[in-house]
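Here's the structure we're looking at; comments come further down.
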Amino acid sequence: MKKRKVKQLLASCMALMISVSSPSIIWAGNSVSVVQTSSTSEVTITDSSTIKSVQSILNIFGYNCGSADGVMGNQTITAIKNFQKDQGLNTTGEINSELLDYILAGIPLNIFSDRYNTAIIYTNKAINSTLQYCNFDENTEEYCPNNNLSLALNPNVISRKMVGNINVYSKNNFDSDMATGELGAALYAFDISLETPNDAITLLNNIFSSDGEYTADGITFTNYSFKGMVAIKAEYDTYSSSSISRDFRSKSNEDKTTESSSNAKNKYSHEHYDISAIDDEEIPDALNIQSNSDINRLLDYIGQTRDSVGTDIGIALDKNHLSESSSEREWYKINGSMGEYIGKFSMTLDKTTDSVSQMTFNFRDDDKPVEVEPVVDMLTKFLEKEFDKFVRPSSKATGTYTWDTNGYEIEITYHEIDDDLYPGTNFILFTKKK
């Protein structure tokens, strides 16, 4: 399958899927033959062009439809049923909006895994490197096979049968040569339109040459990298609105109430909890930050135990305030304020020591985004010093301001006000320097 052909298949199916909610469908200037079933509002698509597109994509996914001839033969019906069964869909053997919703919003994990390791083999031979293979599974979110870059699949959702979103990023010091191979492998694994791992390097160059966002093959690639750090996100354009994303999040919410499910999670899986009960709680005096002494008291919480912090604040770090958990950490949220800003403090608890390892102040302003400059001025006043470091990649709408004070690091992370996705200041991070 040629790269350009796959692009056309994806684009054609996307155009059809947008119209599929109506029984009367016009696609590419021609009437598409549809069947309205009696028991459901689901529409079955029967035109040969769409059948051929679906056959080609399912063949790439490893579900053998035979020749992509546009005919709904027994082999195609069986392939569709097998895909539907593996994804937990209704096994109709038909091409409907639910099927298109899935095949356009991600790639099966086993195909992602095969393509990733194929690219690793290719890279090791091409540049005589020793990058390690990676064994992916449905229950693991984050991988770091070479102790260099981290790769997260479908972050913050439970199942990864279909991978529709990946994040590749460095944490501390990293090897740039290894990073190129790892990035190329991840992109080749994710984008089925790439014929060879070498095509992924071309794609990578296009992403790095963009102004932060690059779109190709029905995928949006976002480059958050700056000097000393690599960070790239890739997401199928229909992923966030698809059943893949919605169903996984729904499944996640169901599993939160089951303790056995929590015990089965690996260390990278996170549980999220409803903390709406705290919305009407008063802001405790200890988390009303208005001065340098308030900041210093706040920093002193880092390293203290759960009970000690709860006693000082006057609010227990209990299940009503538990917003997120993993096997290693828990995150508790308490209403707070900094200057004129009302928000929530999130306290990260290390389970092994039962102590607070870091804190963030998350801004909350329902009326308008939060400008970063006044926040910088506020912290400059509270800390009684100018920021030590400012990082903003050229042509990027994101940045950070950092202060080093009394053995602690305080960092503002922000996006520009006109950023479509995350406008305004996001949070202030408080950590203890190692």
Side-chain angles (χ1 to χ4, degrees), residues 105-109 111-113 115-116 119-120 131 134-172 174-176 178-192 194 200 203-204 206-208 210 212-226 228-242 244-245 248-249 252 265-270 272 324 326 329 331 360 393 396-400 413 415 419-422 426-427 429:
I107 175 173
L109 179 63
I111 302 302
F112 179 92
S113 178
R115 288 173 64 88
Y116 181 91
I120 292 298
L131 293 175
C134 192
N135 296 317
F136 298 91
D137 68 79
E138 292 179 14
N139 297 314
T140 303
E141 176 179 308
E142 186 181 61
Y143 301 85
C144 190
N146 295 284
N147 295 317
N148 194 47
L149 297 190
S150 292
L151 170 61
L153 311 182
N154 289 4
N156 299 322
V157 295
I158 290 224
S159 179
R160 289 164 189 86
K161 289 183 178 180
M162 292 289 286
V163 180
N165 175 305
I166 64 170
N167 286 269
V168 191
Y169 52 93
S170 59
K171 290 188 173 180
N172 297 305
F174 67 96
D175 184 292
S176 59
M178 290 175 62
T180 300
E182 291 178 282
L183 284 167
L187 294 178
Y188 176 72
F190 192 66
D191 185 351
I192 63 170
L194 301 178
L203 173 60
L204 185 59
N206 290 336
I207 295 170
F208 280 135
S210 70
E213 193 167 277
Y214 181 77
T215 301
D217 309 327
I219 301 169
T220 297
F221 303 89
T222 307
N223 177 24
Y224 296 107
S225 306
F226 53 87
M229 176 182 173
V230 171
I232 289 178
K233 172 186 174 183
E235 181 172 300
Y236 277 82
D237 292 340
T238 58
Y239 168 74
S240 62
S241 61
S242 71
I244 295 175
S245 177
F248 288 174
R249 284 177 169 80
S252 175
K265 302 291 180 285
N266 64 70
K267 67 178 180 179
Y268 295 117
S269 294
H270 288 216
H272 296 263
E324 187 177 348
S326 70
R329 296 179 181 85
W331 289 263
T360 60
K396 301 294 187 302
T398 62
T400 58
T413 297
H415 290 246
D419 187 295
D420 292 333
L421 195 58
Y422 303 112
N426 303 127
F427 59 84
L429 174 66

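All residue numbers refer to positions in the sequence shown, counting from 1.
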Practice problem: Decide side chain to side chain contact (heavy atoms under 4.5 Å, CB included) for Thr222 and Ile207; before the verdict, give the C-alpha distance in whole Å, the side-chain angles of both, and the deciding distance to 0.1 Å. | Solution: CA-CA 7 Å; Thr222 307; Ile207 295 170; over 6 Å; no
Self-check item: side chain to side chain contact (heavy atoms under 4.5 Å, CB included) assessment of Leu183 paired with Ile232
Solution: CA-CA 9 Å; Leu183 284 167; Ile232 289 178; 4.1 Å; yes
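Summarising the geometry, atom CG belonging to Leu131 is positioned 4.5 Å from atom CD1 belonging to Ile120; distances are rounded to the nearest 0.5 Å. Atom CD1 in Ile192 sits 5.0 Å away from atom OH in Tyr236 (nearest 0.5 Å). The distance from atom CG of Asn154 to atom CD1 of Ile166, rounded to the nearest 0.5 Å, is 10.0 Å. Distance check, rounded to the nearest 0.5 Å: CZ of Phe112 to CZ of Arg160 gives 11.5 Å.
Across Pro155 and Asn165, no two heavy atoms sit closer than the pair CD-OD1, 3.3 Å. Contact detail for Ala119 and Tyr188: the closest heavy-atom pair is CB-CD2, 3.8 Å. Counting all heavy atoms, side chain and backbone alike, Thr220 lies closest to Thr215 at OG1-OG1, 3.7 Å. Here the shortest heavy-atom pairing between Asn135 and Tyr143 reads O-CE2, 3.5 Å. When all heavy atoms are compared, the tightest approach of Leu194 to Arg115 is O-NH2, 3.0 Å. Between Leu151 and Ala186 the shortest heavy-atom distance is CD1-CB, 4.3 Å.
Counting heavy atoms from C-beta on, the side chains of Met178 and Leu149 never come closer than 4.5 Å. Residues Glu235 and Ile219 are not in side-chain contact: their nearest non-hydrogen atoms beyond the backbone lie 4.5 Å or more apart. Using a 4.5 Å cut-off on side-chain heavy atoms (C-beta onward), Leu109 and Lys161 make no contact.
Using cut-offs of 30° and 60° on the angle between ring planes, the pair Tyr214 and Phe221 is tilted.
When atom types are taken as modelled, the side chain of Ser225 and the backbone of Ala231 share a donor-acceptor pair closer than 3.5 angstrom. When atom types are taken as modelled, the side chain of Asp137 and the backbone of Asn139 share a donor-acceptor pair closer than 3.5 angstrom. A donor-acceptor contact shorter than 3.5 Å links the side chain of Ser170 to the backbone of Val230. Using modelled atom types, no side-chain atom of Thr140 and backbone atom of Phe136 make a donor-acceptor pair closer than 3.5 Å.
Taking the ring centroids of Tyr116 and Phe190, they lie at or beyond the 6.0 Å cut-off.
Judged purely by distance below 3.5 Å, without hydrogens or angles, the side chains of Asn223 and Glu213 never pair a donor atom with an acceptor atom. No hydrogens or angles considered: a donor-acceptor pair under 3.5 Å links the side chains of Glu182 and Asn148.
Using a cut-off of 4.0 Å between Lys/Arg side-chain N and Asp/Glu carboxylate O, Arg329 and Glu324 are scored as not salt-bridged.
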